[in-house]
Amino acid sequence: MRYLVEQSGSKVIVHGIKDFNLKETLECGQCFRWNEEDDGSYTGVAFDRVINVKLDGDILTIDNTTLADFNDIWYDYFDLGRDYGKIKETLSQDEILKAAIKYGEGIRILRQDTWETLISFIISQNNRIPQIKKVIENLSRLLGHPIVYKDKTYYTFPKVQDFIMADVELLNKSKCGFRSKYIIDAALKVFNDEVNLFELQLYDTYDVRNMLMSIRGVGPKVADCVMLYSIGRYEAFPTDVWIKRVVEFLYLKRKTNNSDVQSFAKEKFGDLSGFAQQYLFNYAKDHVSKDVFKERKN
DNA sequence: CGCCAGGGCTAGC
DNA sequence: GCTAGCCATGGC
């Protein structure tokens, strides 16, 4: 991927962007701290920074940043080094994915901070996206650090130490509900180095998954999300109720279980499973009913 | 009021 | 091994 990159004041402008749609990428449920502005741009907090991103044709404008931060952080965050055209071409050999990709051609998989992703997806269990966003926002306001951008105050996502210092009572103010004990266990295990988030890259995916799942409240689905959205394990295929419905309804044409869905993905999509999952999840939300297999009574 | 939510834990087979 | 019931909270 070759881009022409220039700096203009507080903005970094990138020419030559392809396969990128902000709404599809930032509102598909992989991240929770981006909000759309009136002009269609998005403002969000990531890696202790607040930026605003706008996409006009093939021109991506990132405001409130520097060339150094673009190279060190945002290039990888938005996965700009990857050829999504090639991935989509490969996956489109499958007719169902072809349709799903057509429905979300501009989806990219972000590379987010591992700690934030871990806590975010612990919060995601048995919860809805708007509520997940609220809880993460509450946690950031309670424990993070303020940053002012265009007269508005934003808050960084709290560090491990910030959670260690907090008691259950404070965490409960975030409305995280029964997940507070999970968040505390995650903070303790990471703080005590029982789980080293910076060394996950050293292990193979099977081991990383089990290491993450040693944290209470982290099961297969949450572990897969952390691996896919923060450490680039694209063979992961996070299997939630929607993905299960897609595989049952569109592929296998029968009821199944999560274990079989995992095997199916590994065989069908291999190293591209994570990308396939994104396209399918996005498609399923709007095209697959939640009671596709509910048998009619009477 | 009851139901459910990008799941996971626990108890009971 | 497998699965039903439970979990805080809020929206419908």
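Naming: A, B, ... by sequence-line order, numbering from 1 per chain. The structure presented is a predicted model; accordingly, all values stated were derived computationally and were not measured.
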Visitor: Look at the side chain of A:Pro238 and decide which nucleotide, out of C:dT9, B:dG6, B:dC9, has an atom nearest to it.
Guide: B:dG6

Visitor: Which nucleotide in the list B:dG8, B:dG6, C:dG10 gets nearest to the side chain of A:Gln278?
Guide: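 That would be B:dG6.
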
Visitor: Any base atoms under 4.0 Å from A:Tyr229, or only sugar-phosphate, or nothing? Heavy atoms, all strands.
Guide: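 If one applies the 4.0 Å heavy-atom cut-off, A:Tyr229 turns out to touch a base.
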
Visitor: Taking atom P in both C:dA4 and B:dC4, what distance in whole Å separates the two?
Guide: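 Their P atoms lie roughly 14 Å apart.
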
Visitor: Go through the side-chain N and O atoms of A:Asn64 and A:Ser10 and say whether any donor and acceptor fall under 3.5 Å apart.
Guide: no

Visitor: Reckon A:Lys181 has a side-chain N or O less than 4.0 Å from the OP1 or OP2 of B:dG8?
Guide: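 No, A:Lys181 has no side-chain N/O under 4.0 Å of OP1/OP2 on B:dG8.
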
Visitor: Nearest of C:dG11, B:dG8, B:dG6 to any side-chain atom of A:Trp242?
Guide: B:dG6

Visitor: Using the P atoms only, state how far C:dA8 lies from B:dT10, rounded to an integer number of Å.
Guide: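 It works out to 13 Å between them.
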
Visitor: Could you tell me which nucleotide pairs with B:dC4 by Watson-Crick or G-U wobble geometry, both distances under 3.5 Å, or answer none if nothing does?
Guide: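 Paired with C:dG10.
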
Visitor: Examine A:Val261 and A:Phe275 and state if one hydrophobic cluster contains both, with Ile, Leu, Val, Met, Phe, Trp and Tyr joined whenever side-chain heavy atoms are less than 4.5 Å apart.
Guide: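 Same cluster.
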
Visitor: Using a 4.0 Å heavy-atom cut-off across all strands, classify A:Gly29 as base, sugar-phosphate, or nothing.
Guide: base

Visitor: Which sits closer to the 5' end of DNA chain B, A:Met213 or A:Cys225, going by the nucleotide each is nearest to?
Guide: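 Final value for this comparison: A:Cys225.
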
Visitor: Rounded to whole angstrom units, what separation is found between the CG atom of A:Asn258 and the P atom of B:dC9?
Guide: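 Distance, rounded to whole Å: 14 Å.
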
Visitor: Quick one: do the A:Ser214 and A:Glu194 side chains pair a donor with an acceptor below 3.5 Å?
Guide: no

Visitor: Does the B:dC4 base have a donor-acceptor partner in the side chain of A:Arg128 within less than 3.5 Å?
Guide: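 By the distance-only test, yes, there is a pair.
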
Visitor: How many Å lie between NZ on A:Lys173 and P on C:dG10, as a whole number?
Guide: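 To the nearest whole Å, that distance equals 15 Å.
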
Visitor: Identify which nucleotide among B:dG6, B:dC9, B:dA5 has an atom closest to any side-chain atom of A:Asn126, counting heavy atoms from C-beta outward.
Guide: B:dA5

Visitor: Tell me: NZ of A:Lys175 to P of C:dC7, nearest whole Å?
Guide: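 A:Lys175 atom NZ is separated from C:dC7 atom P by 18 Å.
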
Visitor: So what does A:Val222 hit on the nucleic acid, given a heavy-atom distance under 4.0 Å: a base, only sugar-phosphate, or nothing?
Guide: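 The answer is sugar-phosphate, as A:Val222 gets under 4.0 Å only of primed atoms, P, OP1 or OP2.
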
Visitor: Between atom CD1 in A:Ile243 and atom C1' in B:dG7, what is the gap in whole Å?
Guide: 15 Å

Visitor: Calculate the interatomic distance between A:Phe178 atom CZ and B:dA5 atom P; express it in whole Å.
Guide: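 Rounding to the nearest Å, CZ of A:Phe178 and P of B:dA5 are 13 Å apart.
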
Visitor: Yes or no on side chain to side chain contact (heavy atoms under 4.5 Å, CB included) for A:Ile231 and A:Val226, after CA distance, side-chain angles and deciding distance?
Guide: CA-CA 7 Å; A:Ile231 60 171; A:Val226 174; 5.8 Å; no

Visitor: Tell me which nucleotide among C:dT9, B:dG7, B:dC9 gets nearest to the side chain of A:Arg216.
Guide: B:dC9

Visitor: Enter the distance from A:Asn127:CG to A:Lys134:NZ here, rounded to the nearest 0.5 Å.
Guide: 10.5 Å

Visitor: So what does A:Lys285 touch, heavy atoms closer than 4.0 Å: a base, only the sugar-phosphate, or nothing?
Guide: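 A:Lys285: no heavy atom of the nucleic acid under 4.0 Å.
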
Visitor: Among B:dG8, B:dG6, C:dC7, find the nucleotide with the atom closest to the side chain of A:Gln277.
Guide: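 Out of B:dG8, B:dG6, C:dC7, the nucleotide with an atom closest to A:Gln277's side chain is B:dG6.
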
Visitor: Give me the distance, rounded to whole Å, that separates C:dT3 from B:dG6 when you measure between the P atoms they each carry.
Guide: 22 Å

Visitor: Provide, to the nearest angstrom, the distance between the CG atom belonging to A:Asp185 and the P atom belonging to B:dG7.
Guide: 20 Å

Visitor: Over how many whole Å does the gap from A:Asn127 atom CG to C:dT9 atom P extend?
Guide: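 It works out to 11 Å between those atoms.
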
Visitor: Whole Å only: how far is the CD1 atom of A:Ile136 from the C1' atom of B:dG6?
Guide: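 Distance, rounded to whole Å: 12 Å.
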
Visitor: Ring centres within less than 5.5 Å and planes less than 30° apart: is that true of A:Phe281 and B:dG6 in this structure?
Guide: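 Yes.
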
Visitor: Could you give the distance from CG (A:Asp56) to CG (A:Asp39), rounded to the nearest 0.5 Å?
Guide: 9.0 Å

